[in-house]
2 protein chains.
Amino acid sequence: MMRKSIKGRAAPEDLPAALHRLETLCRERGQRLTRQRRAVVRQLLAADRALSAYELLERLRPEDGRATAASIYRTLDFLMELGVVHRLESKRSFILCRHPQAPHRVQFLICRSCGEVIEAEDARLAAATERLGDRLGFALDQRIVELTGLCGRCRTREAGPS
Amino acid sequence: MMRKSIKGRAAPEDLPAALHRLETLCRERGQRLTRQRRAVVRQLLAADRALSAYELLERLRPEDGRATAASIYRTLDFLMELGVVHRLESKRSFILCRHPQAPHRVQFLICRSCGEVIEAEDARLAAATERLGDRLGFALDQRIVELTGLCGRCRTREAGPS
DNA sequence: GGCGGAATTGATACAAAGTATCATCAGGTG
DNA sequence: CACCTGATGATACTTTGTATCAATTCCGCC
Ligand SMILES: [Zn+2]
Ligand SMILES: [Zn+2]
Ligand SMILES: [Zn+2]
Ligand SMILES: [Zn+2]
């Protein structure tokens, strides 16, 4: 069965797919796949939005009452290293990666009204950032692009009800 | 006397110029120009790098022992509103704007070794972000572009001494 | 299935970043 | 120079993130 895909945006993986991807990545790199790592992925997928580390912590409590901030941050660092989780710097929060493929240059669009986050992968924008880095003599190792505004739905809603 | 300008990057204003600009902006908008606002601009200019709110607070202490975190944040919000100060989301710090002109779309290049920050204004990159926003139906009101890596100098230094 | 040991997590304490509230003060106007 | 509004001071607090060291767990191996 085909998942719905709005405007060509990457559809969310389901849980088995996400966990399987995680397992593969861990195995490839000889890293351990622990309960907490699985649980964090599960919660981020279930939330279907960006969560702060402490929001995540609350959601983990029912199934793991002993989780702490420190361990959540460690787990998130680990998952970011694997490329399975991204951090939204401007919102101090974390979101599941929507592009299962290998390393990628993404840009985030964040709706300030409904909080929706789209993970885009725009080649032209990516190329432009690389050119800028080159032009100024930088060897880039991180590209943060976070665009904030109103998403289509929220735009019509705000204009709509007179 | 001409200020040095490296690689065509905008040269820093001197203090009188920066304060004059600030005064003009305040007057235009009917906002007050207070001692603290002046002092924050002065310190950011003197530092010639990005400062966290608390670093700024320390540097203000000698001349204003009663400044508090709350007032620093208020002042920084004000100066960002005016467009005189920018915030580096990925470093949780603040830096003086290098483009005295009206509203502008900037990108930051940040050296992770020496901490240098370049405020760039790349038209192609800016255009690409707008196109992406349009394509995904977003009405953007903020564009955060922060590219991190090694600056030219630090690159040669790291490769250099065998 | 149980062992061993490095990797991971737990517990605790703490540092850093940011905000809310209300009383007091000062910048610009007339 | 008095007024009033907007800005700051004082205080307390929330949120976010880290350091340290002891206890536990994962996983390959037997
Ligand atoms: Zn991704
Ligand atoms: Zn929205
Ligand atoms: Zn600027
Ligand atoms: Zn450098």
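Since the model is a prediction, treat every value here as computed from it, not as a measurement.
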- Task: Remember a base hit wins even if backbone is also touched, and classify B:R38 as base, sugar-phosphate or nothing at under 4.0 Å, heavy atoms.
- Result: nothing
- Message: Just the rounded figure in Å: distance from P of C:dT8 to CZ of A:F78.
- Response: 7 Å
- Task: Mind checking A:R32 for me? I need base, sugar-phosphate or nothing, with any heavy atom below 4.0 Å counting as a touch.
- Result: base
- Message: Is A:S71 close enough to C:dT8 that one of its side-chain N or O atoms is under 4.0 Å from OP1 or OP2 there?
- Response: no
- Task: Under 4.0 Å between any heavy atoms, over every strand shown, what does A:R87 touch: base, sugar-phosphate, or nothing? Just pick one.
- Result: sugar-phosphate
- Task: Could you tell me which non-hydrogen atom of A:R61 sits nearest to which non-hydrogen atom of A:A67, and how far apart they are?
- Result: NH2-O, 2.7 Å
- Item | Distance (rounded to the nearest 0.5 Å) between A:L82 CG and A:E28 CD | 9.5 Å
- Return yes if a side-chain donor-acceptor contact under 3.5 Å exists between A:Q36 and A:T75, otherwise no. yes
- In whole angstroms, how far is the P atom of D:dT14 from the CD atom of A:E58? 14 Å
- Item | 5′-ward residue of the pair A:R37/B:A69 relative to DNA chain C | A:R37
- Message: Of the listed nucleotides (C:dT9, D:dT18, D:dG9), which one gets closest to any side-chain atom of A:T34?
- Response: C:dT9
- Message: Between P on C:dG18 and CG on B:L76, what's the gap in Å once rounded to a whole number?
- Response: 10 Å
- When you match A:S93 and B:R35 each to their closest nucleotide on DNA chain D, which lands nearer the 5' end? B:R35
- Does a salt bridge link A:E116 with A:R153, judged by any charged N lying under 4.0 Å from a carboxylate O? yes
- Query: Reckon B:R74 touches a base, only the sugar-phosphate, or nothing at all at heavy-atom distances under 4.0 Å?
  - Reply: base
- Message: Let's see if you can work this out: which of D:dG17, D:dC27, D:dT25 has an atom nearest to the side-chain heavy atoms of A:R92?
- Response: D:dG17
- Task: Please state whether the phosphate of D:dC26, meaning OP1 or OP2, lies under 4.0 angstrom from any side-chain nitrogen or oxygen of A:Q36.
- Result: no
- Whole-Å distance, A:R66 CZ to C:dT8 P, equals 18 Å
- Task: Round to the nearest Å and state the distance from A:L88 atom CG to D:dT15 atom P.
- Result: 19 Å
- Task: Send over the distance from B:K91 NZ to C:dG18 P, rounded to a whole Å.
- Result: 13 Å
- Item | Gap between atoms CG and P, on B:D64 and D:dT8 respectively (whole Å) | 10 Å
- Query: If you check the B:Y73 side chain, which of C:dG18, C:dG10, D:dA7 turns out closest?
  - Reply: C:dG18
- Item | Of A:T68 and B:A70, the one whose closest DNA chain C nucleotide lies more 5' | A:T68
- SB check B:R135 B:E130 (cutoff 4.0 Å): no
- Answer with base, sugar-phosphate or nothing: what part of the nucleic acid does A:D77 contact at a heavy-atom distance below 4.0 Å? nothing
- Message: Between P on C:dA16 and CG on B:L56, what's the gap in Å once rounded to a whole number?
- Response: 16 Å
- In this structure, which one of B:V117, B:I110, B:L88 forms a side chain to side chain contact (heavy atoms under 4.5 Å, CB included) with B:S93? B:L88
